[in-house]
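Step one of this worksheet: look at the structure below.
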Number of protein chains: 2
Amino acid sequence: MESFQNTQPIYLQIMNLIKKQIATSVFNPGQLLESVRELAMIYQVNPNTVQRALSELEREGLVRSERTIGRYITKDEAAIAQLHQNLVDEATSTYINNVLELHLSPEEILTTVKSRLKGDNT
Amino acid sequence: MESFQNTQPIYLQIMNLIKKQIATSVFNPGQLLESVRELAMIYQVNPNTVQRALSELEREGLVRSERTIGRYITKDEAAIAQLHQNLVDEATSTYINNVLELHLSPEEILTTVKSRLKGDNT
DNA sequence: ATTACTGTATTAAGCACCTAATACAATAAT
DNA sequence: ATTATTGTATTAGGTGCTTAATACAGTAAT
């Protein structure tokens, strides 16, 4: 059913999903992406919504569109590595800011992360 | 200016902000909260938006409203402690899910967090 | 040439969120 | 008693996101 939250625009969620897939080589550099209509089927959303997500990703240089052929993932592997690093950094900053605001000490933060990694806490 | 993102409903952002303030004793148990109109001034949003946020918090039992007096933070300190724990757990789960999806190993996750805590990375 | 696929564009409708402008009943302070 | 404040409710308008239904130009395969 590949559904989405309702608290954030779907096109942003799709952007983040595809970014993750590029960063983790689910999509390889230079690979031809599924078509707008196919992705719309997969995600169970309107083609216009997919189109919007992909347009934004193109604006960020992660994909490029070939007018009547389809969309390709960028071949720039350095950019992809950078993307991966940015996603990690952003997630980490957000998390640490969050728990610091909750008044956890650095030691408590580490303990919390460790216990979550050990236990099978889904 | 206390402004908000535009990717998430403002009333949800206000809810989370107040939750954090309750969980970290910025607001104490049983304390009288600022009025809807005052909070609207502080956050620079419409009073209706604050009203919505507070109504939801009331539905969750974190505040209670006294018809023509104002709103009180709950006196239930156990509930507040539970809230704090939930916020930490939720943030941690979200973070670890994120970086696992980015294919970081548990060791890499710990290293990443540690280096962020040591360096002055804002 | 026909067919099936690409990305792209447009129009209309519905929905959630946010704002603005009021209004009302009840309490506290004067 | 009057005044200022409280939470609450209502109406109207604007905006952004999403969907649906089309349409068009260009490419690939038959």
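Just so we're on the same page: letters track the sequence lines, and every chain starts at 1. In this text the structure is predicted, and so the values were computed from the model without any measurement.
- Between Glu101(A) and Thr24(B), every side-chain heavy-atom pair lies at or beyond the 4.5 Å cut-off.
- If you take CD of Gln51(A) and P of dT6(C), they are 13 Å apart, rounded to a whole angstrom.
- In this pair, Tyr43(B) and Phe4(B) present their aromatic rings perpendicular. The plane angle is above 60°, beyond the 30 to 60° band.
- Within the structure, every side-chain polar atom (N or O) of Thr49(B) is placed at least 4.0 Å from both OP1 and OP2 of dC17(C).
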Exercise. Should Val50(A) and Glu38(A) be marked as a side chain to side chain contact (heavy atoms under 4.5 Å, CB included) after you check the CA-CA gap, both sets of side-chain angles, and the distance that decides it?
Worked result: CA-CA 10 Å; Val50(A) 173; Glu38(A) 278 178 323; over 6 Å; no

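- What separates CG of Leu39(B) from C1' of dT19(C) is a distance of 17 Å, to the nearest Å.
- Following rounding to the nearest Å, Met41(A) (CE) and dC5(C) (P) show an atom-to-atom distance of 12 Å.
- Both Leu100(A) and Ile109(B) are part of a single hydrophobic cluster, where members link through side-chain heavy atoms under 4.5 Å apart.
- Taking atom CD on Gln8(A) and atom P on dC17(C), their separation rounds to 14 Å, with Å as the unit.
- With hydrophobic clusters built from ILVMFWY side chains whose heavy atoms lie under 4.5 angstrom apart, Val36(A) does not share a cluster with Leu32(A).
- In this structure, the CG atom of Asn46(A) is 14 Å from the P atom of dG7(C), given to the nearest Å.
- One can place CG of Leu33(A) at 12 Å from C1' of dG7(C), the figure rounded to the nearest angstrom.
- Nucleotide dC5(C) holds its C1' atom 15 Å from the CZ atom of Arg71(A), rounded to whole Å.
- In terms of phosphate contacts, Tyr11(B) brings no side-chain nitrogen or oxygen within less than 4.0 Å of OP1 or OP2 of dC18(C).
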Problem set entry | Worked check of side chain to side chain contact (heavy atoms under 4.5 Å, CB included) between Asn98(B) and Tyr95(A) | CA-CA 10 Å; Asn98(B) 267 328; Tyr95(A) 171 62; over 6 Å; no

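- In this structure, of dG7(C), dC17(C), dT19(C), it is dT19(C) that holds the atom nearest to the side chain of Asn48(B).
- Residues Leu117(B) and Leu102(A) fall within the same hydrophobic cluster, defined by Ile, Leu, Val, Met, Phe, Trp and Tyr side chains chained together at heavy-atom separations under 4.5 Å.
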What pairs of nitrogen or oxygen atoms, one from the protein and one from nucleotides 24-27 of chain C, lie under 3.5 Å apart?
{"residue": "dT27(C)", "atom": "O4'", "partner": "Thr68(B)", "partner atom": "OG1", "Å": "2.7"}

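- Asn28(B) has its side chain out of reach of Ile73(B): every pair of non-hydrogen atoms, C-beta onward, lies at least 4.5 Å apart.
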For this session: Kindly indicate, with the supporting measurements, whether the criterion side chain to side chain contact (heavy atoms under 4.5 Å, CB included) is fulfilled by Leu54(A) and Leu39(A).
Result: CA-CA 10 Å; Leu54(A) 293 178; Leu39(A) 290 174; 4.1 Å; yes

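- When DNA chain D is scanned in the 5' to 3' direction for atoms under 4.0 Å from non-hydrogen atoms of chain A, the outermost contacting nucleotides are dC17(D) to dT27(D).
- In this structure, Ile10(A) atom CD1 and dC17(C) atom C1' are separated by 15 Å, rounded to whole Å.
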